[in-house]
Peer 1: 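The following block contains the structure, expressed as structure tokens.
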Amino acid sequence: MSNAQKMDVDGLMKNEDFSPQLLKIYYEKFFPFLQMFRWLSYRNDPKSSSPGTQKDFFQRREFTFVLQGDIFCRYQCFKDMEEYRAKVLERQPIRMEIGAVFSHAPSKHHVLPKDVYKPLERELVFDIDMDDYDDIRTCCTGSKLCLKCWTFMKVAIQVLKRTLEEDFGFQHILFVYSGRRGVHCWVCDSEARKLSNEQRSAVAEYLTMVSSGANKCRADLKMNGCEELHPSVDEAYKICKKWFEDPNGILANQDILKNGNHLTNILEPFSADEKDKIKKFMQENSDATSLQIWKKLQDLVRLREVNEATFKQRMENKVLLKDVAIQYTYPRLDVNVSKQMNHLLKSPFVVHPKTGRVCVPIDPENVNDFDPAKVPTIGQLVEEMRDANAQHTSLKPYLHYFETKFLQELEKTATEELRQRSGVSPGVLMDF
């Protein structure tokens with residue numbers, strides 16, 4: 001891939017992609033205040049007369065505005081969508097972050113005792129950033145990003161989606177592009193929102209399989225005396241293996257086995273004879289790719305399996321290359337973001353000030369169709385609006401996905417939960 005095909009997310013932004021003037025137009029014409037309000041209120045509309053509605057629910061949600069000059073304005077809250085929109089248009093934050101729903105309105109935090117003002121619920125969130133892959137990505141460095149290293153984010157989305165849905169039973173999961181080099185995940189089921197800090201920590205630890213670091217080439221997989229890996233680990237491995245060994249996957253695109261000390265570290269548990277076989281293969285095939293070298297490693301493991309004599313050897317061989325594939329592909333989570341209910345996370349649909357790109361949702365069913373370099377900037381949206389209108393720009397498909405694939409399904413569940421809380425029968429029309 002040529003340098004021209006790489007996106008320097010800090011250095012190549014056009015001047016017209018981000019400015020206070022463009023941001024003002026974006027908030028006025030594009031930002032989906034109504035849809036965001038519908039999401040974050042979970043059918044608790046302050047204007048609703050339906051029984052069971054918590055009319056102050058949205059007002060107890062903390063927002064943080066980050067103004068020009070990195071001025072953080074915490075404990076922002078709004079009684080309804082109209083005030084939410086009015087305050088954003090008035091303050092023009094360059095970033096907005098979303099926090100928990102508290103026992104009282106955040107604006108009153110300073111007059112309440114600490115044991116009275118406390119978080120009651122908040123989406124379970126995860127943060128995956130490309131910085132945590134810098135020890136294994138070879139296609140780009142620093143702020144640069146390309147589709148080759150974006151593959152790490154594709155794997156992360158698919159692994160998280162499978163685990164959260166199949167292992168925990170969650171249904172309402174939103175993946176959002178961070179606007180720069182990462183992905184945020186919001187789990188919005190009521191069960192997820194009400195997890196305690198201890199429970200959130202347990203989920204985050206369950207989802208943590210790898211750690212980054214120099215010379216780290218294997219995940220710490222333990223058989224614990226079992227014949228097979230834990231089913232969740234095995235399912236994660238199936239996804240990782242696909243992306244690791246694909247001709248356009250991580251092993252090929254990063255050329256891991258021909259860069260740095262990765263191959264030397266991977267060969268460490270192999271015998272001297274096995275290491276010599278790999279060395280000889282590479283000497284005789286100087287143009288061999290990482291995929292071809294990997295296949296030779298697989299041949300060595302198969303030969304080991306034929307000759308294994310003990311249970312210990314059989315267990316070692318089962319994970320000898322699986323732990324490598326997982327180490328180089330499995331999502332690297334910033335677990336501190338997930339562990340605390342009151343941790344702030346950047347709002348979807350805000351604009352990243354260093355790229356001008358909108359933090360749009362990602363469809364996990366079509367991860368291959370998502371290209372961060374094609375995510376609209378606010379400069380691009382304003383240009384498009386001149387030729388059409390704000391409803392027919394390149395932001396439209398992202399808004400459509402958010403509305404039809406995420407928000408409407410979430411509201412169906414929220415409506416049913418509200419009926420159950422209030423004792424209203426399914427045939428009775430509720431006022432929203």
Side-chain angles (χ1 to χ4, degrees), residues 1-2 5-6 130 132-141 144 146-156 158-159 209-221 223 229 233-234 236-308 313-332 368:
M1 180 174 289
S2 69
Q5 291 174 289
K6 297 180 180 180
M130 196 66 75
D132 294 317
Y133 294 82
D134 280 348
D135 62 312
I136 57 175
R137 67 171 184 150
T138 61
C139 55
C140 297
T141 57
K144 289 185 172 60
C146 70
L147 283 177
K148 287 183 177 181
C149 49
W150 184 255
T151 303
F152 291 117
M153 297 296 113
K154 295 179 183 180
V155 185
Q158 291 195 338
V159 170
M209 261 194 242
V210 302
S211 58
S212 58
N215 300 322
K216 179 80 172 172
C217 68
R218 296 180 182 277
D220 188 18
L221 301 185
M223 300 298 293
L229 286 169
V233 177
D234 194 49
Y237 168 70
K238 291 175 184 176
I239 298 172
C240 291
K241 181 178 187 293
K242 169 185 173 292
W243 287 102
F244 187 65
E245 297 180 357
D246 188 273
N248 293 310
I250 289 170
L251 185 59
N253 284 337
Q254 302 302 323
D255 210 10
I256 290 166
L257 303 185
K258 298 190 75 174
N259 279 287
N261 295 322
H262 299 290
L263 180 57
T264 301
N265 296 327
I266 290 169
L267 284 171
E268 187 175 336
F270 286 81
S271 68
D273 180 58
E274 290 169 326
K275 291 175 184 176
D276 287 341
K277 287 180 180 179
I278 294 296
K279 182 179 179 181
K280 181 180 178 183
F281 171 77
M282 294 182 68
Q283 288 173 341
E284 294 176 350
N285 301 272
S286 58
D287 59 346
T289 66
S290 287
L291 271 174
Q292 291 170 325
I293 299 169
W294 181 253
K295 288 177 181 177
K296 296 303 292 185
L297 289 170
Q298 291 175 317
D299 290 342
L300 290 178
V301 173
R302 279 190 284 269
L303 187 59
R304 273 178 164 234
E305 291 170 346
V306 170
N307 298 319
E308 60 195 21
Q313 288 175 336
R314 187 161 75 251
M315 294 305 98
E316 288 174 350
N317 292 337
K318 274 186 179 290
V319 298
L320 192 58
L321 292 183
K322 286 183 179 180
D323 54 10
V324 174
I326 288 177
Q327 177 66 29
Y328 285 92
T329 53
Y330 190 86
R332 300 182 172 200
N368 280 327

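Side-chain atoms are counted along with the backbone in the values below, which use heavy atoms only and exclude waters and symmetry mates. Just so it is clear, the model here is predicted, and its values are computed rather than measured.
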Peer 1: Could you check if a side-chain atom of Thr141 sits within less than 4.5 angstrom of a side-chain atom of Asp134, using non-hydrogen atoms only?
Peer 2: no

Peer 1: Just jot down the side-chain contact (heavy atoms from CB on, under 4.5 Å) partners of Asn307, sequence neighbours excluded, or say none.
Peer 2: Leu303

Peer 1: Residues in side chain to side chain donor-acceptor pair (under 3.5 Å) with Gln254, at least two apart?
Peer 2: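 In terms of side chain to side chain donor-acceptor pair (under 3.5 Å), with neighbours along the sequence ignored, Gln254 is linked to Thr138.
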
Peer 1: Are Leu263 and Leu267 close enough that some pair of their side-chain heavy atoms sits under 4.5 Å apart?
Peer 2: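 With C-beta onward as the side chain, the pair touches.
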
Peer 1: Ring pair (Phe, Tyr, Trp, His ring centres under 6.0 Å) with Tyr330: which residues, sequence neighbours excluded?
Peer 2: none

Peer 1: For Lys296, does the NZ atom have more than 12 heavy-atom neighbours from other residues, nucleotides or ligands under 6.0 Å away?
Peer 2: no

Peer 1: Kindly indicate whether the side chain of Tyr133, heavy atoms from C-beta on, has any atom under 4.5 Å from the side chain of Cys140.
Peer 2: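 A side-chain contact under 4.5 Å is absent here.
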
Peer 1: Do Ile239 and Thr329 have side chains that get closer than 4.5 Å, going by heavy atoms?
Peer 2: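 When only atoms from C-beta onward are counted, Thr329 and Ile239 do not touch, as no gap falls below 4.5 Å.
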
Peer 1: Sequence neighbours excluded, which residues qualify as side-chain contact (heavy atoms from CB on, under 4.5 Å) partners of Lys154?
Peer 2: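 With neighbours one apart ignored, the set is Trp150, Trp243, Val367, Asn368.
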
Peer 1: Looking at Met282, is its backbone amide N or carbonyl O close enough to the side chain of Ser286 to form a donor-acceptor pair, meaning the two atoms are under 3.5 Å apart?
Peer 2: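 Such a contact is absent between Ser286 side chain and Met282 backbone.
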
Peer 1: Taking salt bridge (Lys or Arg N to Asp or Glu O under 4.0 Å) as the test, write out the residues that go with Lys241, two or more places apart.
Peer 2: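 So Lys241 forms a salt bridge (Lys or Arg N to Asp or Glu O under 4.0 Å) with Glu245.
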
Peer 1: With salt bridge (Lys or Arg N to Asp or Glu O under 4.0 Å) as the test, would you mind laying out the steps for Arg332 and Asp132 before giving the verdict?
Peer 2: CA-CA 7 Å; Arg332 300 182 172 200; Asp132 294 317; over 6 Å; no

Peer 1: Run Leu320 and Phe270 through side chain to side chain contact (heavy atoms under 4.5 Å, CB included) and show every step you take.
Peer 2: CA-CA 9 Å; Leu320 192 58; Phe270 286 81; 3.6 Å; yes

Peer 1: Identify, with sequence neighbours excluded, every residue that meets side-chain contact (heavy atoms from CB on, under 4.5 Å) alongside Thr289.
Peer 2: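 In terms of side-chain contact (heavy atoms from CB on, under 4.5 Å), with neighbours along the sequence ignored, Thr289 is linked to Leu291, Gln292.
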
Peer 1: Which heavy atom in Ser290 sits nearest to a heavy atom in Ile256, and how many Å separate them?
Peer 2: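 In this case the closest contact between Ser290 and Ile256 is OG-N, 3.4 Å.
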
Peer 1: Please enumerate all residues that pass side-chain contact (heavy atoms from CB on, under 4.5 Å) together with Asp246, with sequence neighbours excluded.
Peer 2: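 For Asp246, the residues satisfying side-chain contact (heavy atoms from CB on, under 4.5 Å) (neighbours in sequence not counted) are Asn248.
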
Peer 1: Taking all non-hydrogen atoms of both residues, which atom of Leu257 and which atom of Trp294 are closest, and how far apart?
Peer 2: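 What the structure gives for the nearest pair is CD1-N, 3.7 Å.
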
Peer 1: Looking at residues at least two apart in the chain, or sitting in another chain, which of them share a ring pair (Phe, Tyr, Trp, His ring centres under 6.0 Å) with Tyr237?
Peer 2: none

Peer 1: What's the spacing between Lys322 NZ and Lys238 NZ if we round to 0.5 Å?
Peer 2: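 These two atoms lie 9.0 Å from each other.
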
Peer 1: Between Asp299 and Arg302, does the salt bridge (Lys or Arg N to Asp or Glu O under 4.0 Å) criterion hold? Intermediate values first, please.
Peer 2: CA-CA 5 Å; Asp299 290 342; Arg302 279 190 284 269; 2.6 Å; yes

Peer 1: For a side chain to side chain contact (heavy atoms under 4.5 Å, CB included) check, start with the C-alpha distance between Ile136 and Phe152, then their side-chain angles and the critical distance, and finish with the verdict.
Peer 2: CA-CA 10 Å; Ile136 57 175; Phe152 291 117; 3.8 Å; yes

Peer 1: Does the pair Met209 and Leu221 meet the rule for a side chain to side chain contact (heavy atoms under 4.5 Å, CB included), with working shown?
Peer 2: CA-CA 8 Å; Met209 261 194 242; Leu221 301 185; 4.3 Å; yes

Peer 1: Nearest 0.5 Å, please: how far is CD in Gln327 from CG in Leu321?
Peer 2: 13.5 Å

Peer 1: Output side-chain donor-acceptor pairs under 3.5 Å for residues 271-281, partner residues at least two apart or in another chain, one line each.
Peer 2:
| residue | atom | partner | partner atom | Å |
| --- | --- | --- | --- | --- |
| Ser271 | OG | Glu274 | N | 3.2 |
| Ser271 | OG | Glu274 | OE1 | 3.2 |
| Glu274 | OE1 | Ser271 | N | 2.8 |
| Glu274 | OE1 | Arg304 | NE | 3.3 |
| Glu274 | OE1 | Arg304 | NH2 | 3.1 |
| Glu274 | OE2 | Arg304 | NE | 2.8 |

Peer 1: Looking only at atom types and distance, does a side-chain atom of Lys242 sit under 3.5 Å from a main-chain N or O of Gly249, one as donor and one as acceptor?
Peer 2: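 Here the side-chain-to-backbone pair does not exist.
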
Peer 1: Among all residues two or more places apart in sequence or in another chain, which pass the side chain to side chain donor-acceptor pair (under 3.5 Å) test with Asp220?
Peer 2: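 So Asp220 forms a side chain to side chain donor-acceptor pair (under 3.5 Å) with Lys222.
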
Peer 1: Can you name the residues that form a side chain to side chain donor-acceptor pair (under 3.5 Å) with Glu308, not counting sequence neighbours?
Peer 2: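 Side chain to side chain donor-acceptor pair (under 3.5 Å) list for Glu308, sorted by chain: Asn317.
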
Peer 1: Nearest 0.5 Å, please: how far is CG in Asn253 from SG in Cys149?
Peer 2: 9.5 Å

Peer 1: What residues, two or more places apart in sequence or in another chain, satisfy side chain to side chain donor-acceptor pair (under 3.5 Å) together with Tyr328?
Peer 2: His262

Peer 1: Looking only at heavy atoms, which two atoms of Lys148 and Cys139 are closest? And how far apart?
Peer 2: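 Reported closest heavy-atom pair: CB-SG, 3.9 Å.
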
Peer 1: Are the side chains of Pro269 and Arg218 in touch, meaning some heavy atoms are under 4.5 Å apart?
Peer 2: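 A side-chain contact exists here, since the closest heavy-atom pair is under 4.5 Å.
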
Peer 1: Please lay out, stage by stage, how Lys318 and Leu229 fare under the test side chain to side chain contact (heavy atoms under 4.5 Å, CB included).
Peer 2: CA-CA 9 Å; Lys318 274 186 179 290; Leu229 286 169; over 6 Å; no

